[in-house]
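Note sheet for the following structure.
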Amino acid sequence: MDDFRRTFEQQLAAALPGAEIALERPRSGELGDLAFPCFRAAKQVGKNPVQLSQELAAAIHIEGALLMAAGPYLNLKLAPEARAKAVLGAILQAPAERPYGSRPANGKKVIVEYSSPNIAKLFTIGHLRSTMIGHALAQAHQFLGYTVVRLNHLGDWGTQFGTLLAAYTRWAQDENPDLDADFDWAEVAPERRRTPLFRLFQLYVRFHAEEENDPAMRDEARAWFKRLENNDPRARELWKRFRDLSLAEFQRIYDRLGVRFDTLEEGEAFYEAQLGPTLKRLEASGLLVEGDRGARIIHLEDVGIATPCLVQKGDGASIYATRDLAAALYRKATYHFDRCLYVVGTDQVLHFQQIFAVLDKLDPWFKGRMLHTPFGMVKLPEGKMSTRKGNVIFLEDVLDEARERVAAIIQEKNPDLQDKADVAEMLGMGAVVFFDAMNDRVKPITFTWDRVIALDGDTGPYVQYAHARIMSVLRKAGGDWAAKAQAGAAKGPFIAFVPTPLPSDLEGLQAPEAQALLFELAGLPGAIAAVADGCMATPLARQLVAVARSFSGFYTNCPILAPENTPEARDARLALCVATARALCQGLFLMGIQAPDEM
RNA sequence: GCGCCCAUAGCUCAGCUGGAUAGAGCAUCAGGCUUCGAACCUGAGGGUCGGGCGUUCGAGUCGCUCUGGGCGCACCA
């Protein structure tokens, strides 16, 4: 396809000297494979776009392709066999280390900061957004040739930690120091959740509840954080314990989600030693000003931000802005990145505007490199979720529920399936994660069980089902067909498939449904590129659905193993199945979803 | 009060830098398994793209304005 694109562009450039040649993808494969909208060029040469496209259609000839004027568009449509050859070739003959849609290394480095949960808080459905969007962005960038650094800005520092220390001191350290017994004041939790970490969480929630009526407690929490920053041994000891407890839990969840980071060490606390130097540097630059109550701030009115950035609290303790600034400076020195993405919710847009503005003032190097990728918050029908208030949906409950619902369907439709539990997990995860990607927008999401765990229609399991059906056909085909679609080991985001020769005769793919499927497969590389460009997984998710849907059309209309098929037609169709399976498997994997062979 | 974001079918959402007849899923209705997996497929109904004004050859997309919602507005993150 790239060859045709290049030739088409060259011919257009020759016919229209000086014109800007920007090709598009037509709405459907019926229209063609590549489209040249003539509007701008027509203006430049002083012609009517409809007329220009007709003239170009008559003037340009490309072997194996048809050039057709469709109103103001000039469409290049490949002959059915040329399309099949181009698309299947690109997928089946891609080198194992450079799968279809990937690009060679481009020498650029991008940091993706994502997930970033707070210590002693359990993962909620809200955390899934940052985690999986960030994961998909990291995967897509690496797939497209970037060097990717995956960072987790763990919330292991700050006044919230003071809250935890204060609460522990008040209600646990004497009667329940190891947090191994239930609190008599807390409501009884389900068995699975009765862990020390959960009790820590209960302490946190209780503190915030009581703090409402007793503002002095807020000072108590701040004082504890101050002690922590001043190296108080008791505070440090508890800090380490709570952090270790949380990390073990987080790791379990990341393993379940298939998400990994280059390091979990560079959380907020990591920058503690750099806070002083950061403040000094801000001071030396002359940006730092005294604010109310002895706080130190940086004014940003001159760049259109009314709220100043507070970098040191009145009591001298640091605040998250200080740590984000220190982190950015550290990352510049350590990673020399080209782009740094912050996958953090929309409620922090102002915060990042401030941080980026301060960095621009401090060092012009940062200009244009820092990017906040905000996402809408997950809300409940009755309102905002709040960890502090305890009205939250825990991620594991959602994943477990999804798994159970899938397991019930498996029991009904395919009771003899091997590895039922594993498959149920893959499909449940697929449903939840895919739902999130389909909705990637800045808009908030209202959580309901049936929405998030939907299993019909445009869902992960729908795409996974297409993959499973293909594998089933390939197994029935015998020979080494199934092996050809078998995923090899993944290296980073790349799934290795052994390059496979094309069938010499592709006439069996003339049917419109086969052509439509080829057209959608051809759309995948663009969709993956759009993930990185737009910093969202949505285009890929939607293109995978398009592929799965057109596969279903192909499957129902073009018998693959029917005895009346010629061996050539059968092989051509099987090759298309293999290509589709590879593409689906790789595409889902970029999103953090696995494609089972059976379900 | 100020700032940012959002508004598309009954519901949930797509719609790439303005460009081909505004598309999916769910729900509803009507069909399709003696044939490769029906977790599927085919078809139907359903739209003043929140209202108004403007820019443009052309606006769901850009600008202004109104209405309705979300978020934020220094010592939480």
Side-chain angles (χ1 to χ4, degrees), chain A residues 22 24-27 31 35 37-40 42-43 48-49 70-73 75 116 118 153 155 157-160 162-163 208 218 221-222 268 291-297 304-315 317 319-321 323-324 344-351 353-354 374 376-377 379 384 388 406 409-410 412-414 427 438-439 441-446 448 450-451 454-459 461-462 464-466 468-470 472-477 526-527 530 533-534 538-539 541-542 545-546 549 552-553 555-557 559-563 573 577 598-599:
Chain A
E24 293 180 359
R25 208 173 121 77
R27 295 209 179 290
L31 291 165
C38 297
F39 305 98
R40 254 172 238 163
K43 198 171 223 173
N48 170 327
Y73 287 86
N75 292 329
S116 309
N118 287 338
H153 198 64
W157 207 244
T159 304
Q160 45 137 349
T163 304
H208 275 292
R218 213 158 293 170
R222 289 192 192 116
E268 287 194 83
D292 297 340
R293 286 188 275 157
R296 307 180 84 186
I297 61 173
I305 302 172
T307 314
C309 182
L310 184 120
V311 294
Q312 189 176 38
K313 300 198 286 184
D315 63 2
I319 189 164
Y320 64 121
R323 296 186 283 275
D324 267 332
V344 184
T346 51
D347 52 346
Q348 293 194 40
V349 287
L350 176 61
H351 167 68
Q353 280 171 0
Q354 292 177 321
M377 310 308 289
K379 301 189 306 170
K384 198 172 173 175
R388 293 180 176 192
V406 170
I409 296 175
I410 292 177
E412 176 198 330
K413 311 217 177 201
N414 194 2
L427 296 178
M438 287 295 277
N439 289 286
R441 280 212 97 209
V442 224
K443 292 189 232 176
I445 289 181
T446 303
T448 65
D450 289 340
R451 260 190 89 194
L455 302 170
D456 306 312
D458 289 355
T459 63
Y462 176 80
Q464 290 167 313
Y465 179 64
R469 271 168 133 189
I470 294 173
S472 172
V473 174
L474 294 176
R475 281 191 299 272
K476 287 213 164 74
D533 289 344
T538 311
R542 302 201 93 93
V545 167
R549 183 175 299 124
S552 285
Y555 181 85
T556 39
N557 289 292
I560 299 159
L561 302 176
R573 290 176 182 184
C577 285
E598 277 182 85
M599 60 190 264

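Counting atom types as modelled, A:D458 pairs no side-chain N or O with a base atom of B:A14 as donor and acceptor under 3.5 Å.
With sequence neighbours excluded, no residue satisfies side chain to side chain contact (heavy atoms under 4.5 Å, CB included) with A:T556. For A:R542, there are no side chain to side chain donor-acceptor pair (under 3.5 Å) partners two or more places apart in sequence or in a different chain. Under the side chain to side chain donor-acceptor pair (under 3.5 Å) criterion, A:E268 pairs with A:R323, sequence neighbours left out. Evaluation of the side chain to side chain contact (heavy atoms under 4.5 Å, CB included) rule for A:K379 yields A:P444, A:T446 as partners, not counting sequence neighbours. Taking the side chain to side chain contact (heavy atoms under 4.5 Å, CB included) definition, one finds that A:V473 meets it with A:Y555, A:I560, A:L561, A:L574, sequence neighbours left out. Residues satisfying the salt bridge (charged side-chain N to carboxylate O under 4.0 Å, His left out) criterion with A:D450, sequence neighbours excluded, are A:R405. In this structure A:Y465 satisfies the side chain to side chain contact (heavy atoms under 4.5 Å, CB included) test together with A:R469, A:M599, sequence neighbours excluded. Legend: residues meeting salt bridge (charged side-chain N to carboxylate O under 4.0 Å, His left out) with A:R25, ordered by chain and number and at least two apart, are A:E520. Taking A:R222 as the reference, A:D219 meet the side chain to side chain donor-acceptor pair (under 3.5 Å) condition, with sequence neighbours excluded.
Shown here, B:G54 forms a base pair with B:C62; the pair counts as Watson-Crick or G-U wobble because both key distances fall under 3.5 Å. Pairing partner, B:G3: B:C71, with both Watson-Crick or wobble hydrogen-bond distances short of 3.5 Å. Using the Watson-Crick or G-U wobble rule with both distances under 3.5 Å, B:A22 pairs with nothing in any strand shown. B:A9 is unpaired under the Watson-Crick or G-U wobble criterion, no partner having all donor-acceptor distances under 3.5 Å.
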(request) Summarise how protein sits on nucleotides 70-75 of chain B as a single string, 5' to 3': B when a protein heavy atom is under 4.0 Å from the base, S for sugar-phosphate-only contact, - for no contact. (result) SSSSBB
(request) Assign a letter to each nucleotide of nucleotides 34-43 of chain B from its 5' end: B, base within under 4.0 Å of a protein heavy atom; S, sugar-phosphate only; -, no contact. (result) --BBSBSS--
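What separates CG of A:D450 from P of B:C11 is a distance of 18 Å, to the nearest Å.
B:C33 has its base syn relative to the sugar, with a glycosidic angle deviating from 0 by at most 90°.
At a threshold of 4.0 angstrom between heavy atoms, the contacts of A:P49 with the nucleic acid are absent. Using a 4.0 Å heavy-atom cutoff across all strands shown, A:R25 reaches no nucleic acid atom at all. Contacts of A:A530 with the nucleic acid, taken as non-hydrogen atoms under 4.0 Å apart, are absent.
Using modelled atom types, no side-chain atom of A:E598 and backbone atom of A:N414 make a donor-acceptor pair closer than 3.5 Å.
Along RNA chain B, the nucleotide closest to A:A306 and the one closest to A:M438 are compared, and the more 5′ of them pairs with A:A306. Heavy-atom nearest nucleotides on RNA chain B were determined for A:R542 and for A:P37, and the one closer to the 5' end corresponds to A:R542.
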N/O-N/O pairs, protein side and nucleotides 54-61 of chain B side, under 3.5 Å:
none

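The side-chain heavy atoms of A:H351 and A:D324, taken from C-beta on, include a pair separated by under 4.5 Å.
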